[in-house]
Every structure is written in C-alpha cells, then in structure tokens.
Amino acid sequence: MADNRNQEDPGVLYLQATHMSSRVSSLTVDDIVKVKRLDNLIWKLYTDNYLHRRVLAYINHMGFYGVLEYGSQVLDNHLITALVERWRRETHTFHFTCGEATVTLQDVSIIWGLTIDGEAVTGVDLSHKVEEWQHICLDMLGFLPASKYLKVLAFLYRELCNASRIEKTTMAGPLYILQIWAWSRIKCVNPDRDGLTLVVPPVDPDGFIPVSPYGARWKYGFSYTHSPTHFVRIIRDSLDRMNNNEFNWSVYQKNDIDVKTIIDSYNNRIWRCVCPLICFDIVEMCRPNRMQ
C-alpha cells in the first residue's frame, strides 16, 4: 500500500488532500487507472499497408520516424497507475523513497528520436475551422484527431497531473514514453532484469533509413513486453521499498550508437533546461534541476 508519509511535505506537497494516493485503502488497493488509446486506427493503417523506403525517408525528414519505428505496443495499466500515485502536480516529478525523478526532454529525444530544439510550434490557425482540419486529417492520415495538437512532454505532464487527482480514473497521452522510461530506470519493474538483452535494431547498409531510436530496442527485443510484477499492489509495494541503488539515474550510454547519433545532432544543454512547456492552452513547467 502507498506510504503517504513519503508523500506529505506541507512546504512543497500541499495538494495531498486531492491526490489519488490519499484514497488508497484496503477496498481500493487493486483499482487501476484506465488508459485511453486513441492511436489504434493509425497503427492499423500503417500495418495494413507497405511503406516504400522513400516514404520512410519523408517521415524521417518530418521528424517522426522514431515514433513510427517504435510502433504500437502493449501498455501496462498497473505500472502506469503506480507511477501516477507517485506523481506530484506541485513539482511535476515522481516522488520515490530514493528521490525525485521525471521524464525530461532528453527522454523524449532519445526514446522516440523527436526534435526538441528549434522553432516553437504553437498558436492558432484560423485558415480552417476545427471540423475542417479534422476532415483534412481524416483524408490524409485515415483518422480523426482531437481538436488540438499537443507538445509531447507538455501533454504527458498534463495527463499525469489530471490523472493524479482523486476523482480521476482514466488518462491518455504519450504513455509509451513513460513506460519505457520506467522500464529503463526502475529495476524492480524492468522486464530485462532476468538476463534478457535488449536488441539494437538493424542498421540500413545504404544509410537511407536512420538508426532507430532507443525506444525501438524494446520492440525488437520482445514480441510482448510487460512488467514482471504485473499487479499494481506488487508494483506499489516495490516502489515503497526502492532504494537509491535500485533506480538507474544514468540510462543512456554515450558509446551506444543510438544515443551517440542523437547527442551529436542536438545541443544537449537543452535537456537540462528549466522552462515552461507551452502548446496552445497547456503550460507545464519542466524542472530537471530537481533530479539527482
């Protein structure tokens, strides 16, 4: 069961009364947050149709090849629930017994290979109505998106904040990044802990297609990957007992070809930037300075 003593610090964590961890009891110990999946149609469109190498090159030029390469995987609602219980809206970090941690811009760029530097993409486009944009996306992409496009990390932070409220039972967002982040850093939920080795994706000999990002290792390594401690009460108890040696603070090794490619491409100082993440009406603070 969650140890609320580790969650309460009135000087910082002043929203405990409305936090979902305060409702955990013997009657709700197995309740989980339900994940809303909105991407099934686009992945079906991708798997049902062959993409020519030139198309893949264009997708890479647009900056989305890493997302495509990782693909659609199984999400572990139990693991995500245990993480949400540790998420704090006040700090935008997970509060563990060994310290604070969070998903950062570095994780976004390395796991999915997304660009995090450059011109900001935000604002209002009044050239079409919302319904018109949705039909344009339906014609070009094969699915109807929500009415707004959201910056990945800002969207993840917002969904974690909303899901951590005591009355919430569902959440959405880029939860693949959160799951891989947890698998890579928290040893007690790592599917690799039993001696399995993650597989580096194959390299295109012609150099036409780029090296797949870090997240694709989980796709190539396992046909079905999930946390070995699959029930929320077991994961919750493991997080309560976790010490500093059981959390991997340095995941990405510079000699890895996947990571080196990304480090060489970006100004990695932005990974440590303390700044607001802004996209339309969403503003969430990124505070990597709170990490060890």
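Keep in mind the model is a prediction, meaning the values are calculated, not measured.
Between Thr97 and Arg241, every side-chain heavy-atom pair lies at or beyond the 4.5 Å cut-off. Leu83 has its side chain within reach of Ile186: a pair of non-hydrogen atoms, C-beta onward, lies under 4.5 Å apart. In this structure the side chain of Leu239 reaches within 4.5 angstrom of the side chain of Phe96, judged on heavy atoms. Within the 4.5 Å cutoff, side-chain heavy atoms of Arg236 are placed close to those of Val29. Within the 4.5 Å cutoff, the side chain of Val33 has no heavy atoms near those of the Thr169 side chain. Contact check for Met20 versus Glu85: side-chain heavy atoms found under the 4.5 Å cut-off. Side-chain contact between Cys286 and Val274 is absent, with no heavy-atom pair separated by less than 4.5 Å.
Under the 30°/60° scheme for interplanar angles, the aromatic rings of Trp87 and Phe94 are found to stand perpendicular.
When atom types are taken as modelled, the side chain of Glu159 and the backbone of Ala172 share a donor-acceptor pair closer than 3.5 angstrom. Of the possible donor and acceptor atoms, none in the side chain of Glu100 sits under 3.5 Å from a partner among the backbone N and O of Pro288. A donor-acceptor pair is defined here as one N or O able to donate and one able to accept, closer than 3.5 Å; such a pair exists between the side chain of Glu90 and the backbone of Tyr14.
Classification of Glu246 and Lys187 as a salt-bridged pair fails, no side-chain N sitting under 4.0 Å from a carboxylate O. Salt bridge status for Arg233 with Asp237: absent, with no side-chain N to carboxylate O gap under 4.0 Å.
Between Ile80 and Val35, the shortest heavy-atom distance links the atoms CD1-CG2, 4.0 Å. Listed here is the closest heavy atom pair of Val103 and Tyr157: O-OH, 2.6 Å. Across all non-hydrogen atoms, the minimal contact from Leu156 to Pro174 is CB-CG, 3.8 Å. Across all their heavy atoms, Ser250 and Asn248 have their closest contact at O-OD1, 2.9 Å. Nearest heavy-atom pair across Ala182 and Val189 is O-CG2, 3.7 Å. Considering all non-hydrogen atoms of both residues, Val232 and Ala82 come closest at CG2-N, 4.2 Å.
Rounding to the nearest 0.5 Å gives a distance of 13.0 Å between CG of Leu175 and CH2 of Trp181. Expressed to the nearest 0.5 Å, how far OG of Ser184 lies from CD1 of Ile111 amounts to 6.0 Å. Rounding to the nearest 0.5 Å gives a distance of 8.5 Å between OG1 of Thr81 and CG of Asp76. Distance CZ/Arg88 to CG/Leu15: 7.0 Å, rounded to 0.5 Å. Atom NE2 of residue His92 and atom OG1 of residue Thr104 lie 14.5 Å apart, to the nearest 0.5 angstrom. Atom OG1 of Thr18 and atom CZ of Arg165 lie 6.5 Å apart (nearest 0.5 Å).
Counting only residues at least two apart or in different chains, salt bridge (charged side-chain N to carboxylate O under 4.0 Å, His left out) contacts with residues 103-112 comprise Asp107-Arg185.
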key: Check against side chain to side chain contact (heavy atoms under 4.5 Å, CB included), Leu114 and Ser109   = CA-CA 5 Å; Leu114 292 176; Ser109 64; 5.9 Å; no
message = For a side chain to side chain contact (heavy atoms under 4.5 Å, CB included) check, start with the C-alpha distance between Cys98 and Asn243, then their side-chain angles and the critical distance, and finish with the verdict.
response = CA-CA 5 Å; Cys98 60; Asn243 59 46; 5.6 Å; no
query = Between Val283 and Leu277, is a side chain to side chain contact (heavy atoms under 4.5 Å, CB included) present by the stated rule, with each step listed?
reply = CA-CA 6 Å; Val283 181; Leu277 304 173; over 6 Å; no
request  = Evaluate the side chain to side chain contact (heavy atoms under 4.5 Å, CB included) criterion for residues Trp112 and Tyr214: first the C-alpha distance (whole Å), next the side-chain angles of each, then the deciding distance (0.1 Å), finally the verdict.
outcome  = CA-CA 7 Å; Trp112 264 356; Tyr214 177 83; over 6 Å; no
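Using a 4.5 Å cut-off between side-chain heavy atoms of Ile, Leu, Val, Met, Phe, Trp and Tyr, with links allowed through other members, Met285 and Val12 fall into different hydrophobic clusters.
For the side-chain hydrogen bond (donor to acceptor under 3.5 Å, both in side chains) test, residues two or more places apart in sequence or in another chain that qualify with Thr91 are Thr93, His95.
Using a 4.5 Å cut-off between side-chain heavy atoms of Ile, Leu, Val, Met, Phe, Trp and Tyr, Ile166 forms no hydrophobic cluster with any other residue.
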